[in-house]
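Small disclaimer: the values here were computed from a predicted structure and weren't measured. We number each residue from 1, following the sequence as shown.
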Amino acid sequence: TWGTAPTPFGDGVFLIAPRGLSALAFTDGRTETGFADLEARYPAANFVRDDHEARAWAARIFERAGERIPLALYGTPWQRQVWRALLAIPPGATTTYKAIAEQVCTPKASRAVGAAVGANPVSFLIPCHRVLASDGRLTGYHWGVERKRAMLTWEAAAG
């Protein structure tokens with residue numbers, strides 16, 4: 001099931017599997033772009049649109065802080081290892097690609113970590129927006145650096 005719903009960071013496209021949320025993309029009002037991203041990631045899926053269901057998930061995620069959100073993730077073992085490391089970054093905190101690489105493997109794996117971070121299908125919930133360049137710059141966010149800045153600011157204000 002997929003659908004669109006407003007979020008604090010613009011319109012979101014939600015992909016919901018029977019076991020939980022599989023993807024969250026941001027569209028800036030271009031639903032077809034967000035849906036195309038989902039189709040490319042999950043070419044064998046049978047998509048059924050339900051915006052009401054998407055709005056319910058948006059409320060769970062953004063209005064009821066602290067509620068546990070079930071995720072149904074599909075990725076390589078390496079990607080899942082990096083995504084688990086991202087989940088350990090507290091709200092309002094940041095880290096670097098190099099620090100994640102050191103945690104999961106070796107400092108030399110920063111580029112591989114960047115690729116796994118970029119493949120994160122559940123933006124915001126798996127907090128790839130909390131990862132910065134080694135010099136502290138906001139870089140490399142699939143949905144835009146300004147959205148990444150907004151997410152970090154939102155978390156800092158909530159914390």
Side-chain angles (χ1 to χ4, degrees), residues 1-95 97 100 104 111-132 138-155 157-158:
T1 301
W2 78 280
T4 62
T7 79
F9 312 110
D11 291 335
V13 176
F14 297 76
L15 180 62
I16 304 120
R19 291 189 343 247
L21 188 68
S22 289
L24 170 55
F26 295 99
T27 67
D28 295 324
R30 295 183 309 271
T31 300
E32 65 281 352
T33 303
F35 182 66
D37 185 66
L38 295 179
E39 281 186 311
R41 288 178 186 254
Y42 306 100
N46 178 21
F47 293 97
V48 176
R49 186 165 184 172
D50 185 342
D51 290 338
H52 179 75
E53 183 71 11
R55 285 190 298 276
W57 279 83
R60 287 178 75 181
I61 294 165
F62 297 106
E63 295 173 16
R64 296 189 292 239
E67 182 175 336
R68 189 165 175 89
I69 305 296
L71 300 176
L73 300 177
Y74 304 93
T76 68
W78 168 253
Q79 289 169 333
R80 293 168 65 88
Q81 182 178 3
V82 170
W83 299 340
R84 278 190 295 276
L86 296 177
L87 288 167
I89 307 167
T94 59
T95 191
Y97 294 98
I100 296 289
V104 300
R111 287 186 189 267
V113 164
V117 168
N120 169 18
V122 187
S123 187
F124 186 74
L125 287 175
I126 297 179
C128 53
H129 61 280
R130 297 179 191 155
V131 184
L132 310 176
L138 299 179
T139 60
Y141 191 62
H142 183 78
W143 308 110
V145 171
E146 288 307 313
R147 185 169 280 119
K148 184 174 188 170
R149 185 183 327 277
M151 288 176 172
L152 291 170
T153 301
W154 192 72
E155 287 181 340

Nearest-0.5 Å distance that lies between atom CG in Leu21 and atom CD1 in Ile61: 5.0 Å

From CG (Leu125) to CH2 (Trp57), nearest 0.5 Å: 9.0 Å

Salt bridge (Lys or Arg N to Asp or Glu O under 4.0 Å) partners for Glu146, two or more places apart: Arg149

Straight-line distance of Cys128 SG to Leu86 CG, nearest 0.5 Å: 6.5 Å

N/O donor-acceptor pair under 3.5 Å between Arg80 side chain and Gly75 backbone: no

Backbone of Gly3 reached by a side-chain donor or acceptor of Glu53 within 3.5 Å: no

Trace of the side-chain contact (heavy atoms from CB on, under 4.5 Å) decision for Ile16 with Trp2: CA-CA 6 Å; Ile16 304 120; Trp2 78 280; over 6 Å; no

Verdict with supporting geometry, Phe14 and Leu38, side-chain contact (heavy atoms from CB on, under 4.5 Å): CA-CA 9 Å; Phe14 297 76; Leu38 295 179; over 6 Å; no

Side chain Asp11, main chain Thr4, donor-acceptor under 3.5 Å: no

Reported CE-to-CG distance for the pair Met151 and Leu138, which is rounded to 0.5 angstrom: 12.0 Å

Nearest heavy atoms of Tyr74 and Ala17, plus distance in Å: OH-CB, 4.4 Å

Minimum-distance pair of heavy atoms, taken over all atoms of Ala116 and Trp78: CB-NE1, 3.7 Å

Sidechain-backbone polar pair: Trp154 side chain, Phe9 backbone, donor-acceptor under 3.5 Å: no

Note, Val104 side chain near Val113 side chain (heavy atom, < 4.5 Å): yes

Side-chain (Arg60) to main-chain (Arg55) donor-acceptor, under 3.5 angstrom: no

Expected output: side-chain Lys148 to main-chain Trp143 donor-acceptor under 3.5 Å: no

Worked check of side-chain contact (heavy atoms from CB on, under 4.5 Å) between Thr95 and Arg130: CA-CA 6 Å; Thr95 191; Arg130 297 179 191 155; 5.7 Å; no

Audit row: Val117, Ile126, side-chain contact (heavy atoms from CB on, under 4.5 Å) steps and yes/no: CA-CA 9 Å; Val117 168; Ile126 297 179; over 6 Å; no

Atom of Ala119, atom of Gln79 and distance for their closest heavy-atom approach: CB-NE2, 3.3 Å

Test item: Ser22 side-chain N/O and Ala72 main-chain N/O as donor-acceptor pair under 3.5 Å: yes

Asn46 CG to Thr1 OG1 distance, which is reported to the nearest 0.5 Å: 9.5 Å

Contacts of Tyr42 that satisfy ring-ring contact (aromatic ring centres under 6.0 Å, His included) - sequence neighbours left out: none

Atom pair CG/CG of Asn120 and Leu24 - distance to nearest 0.5 Å: 9.0 Å

Listed partners of Asp50 passing salt bridge (Lys or Arg N to Asp or Glu O under 4.0 Å), at least two apart: none

Donor-acceptor pair between Tyr141 and Ser123 side chains, under 3.5 angstrom: yes

Aromatic contact, Phe62 with Phe124 (centres under 6.0 Å): yes

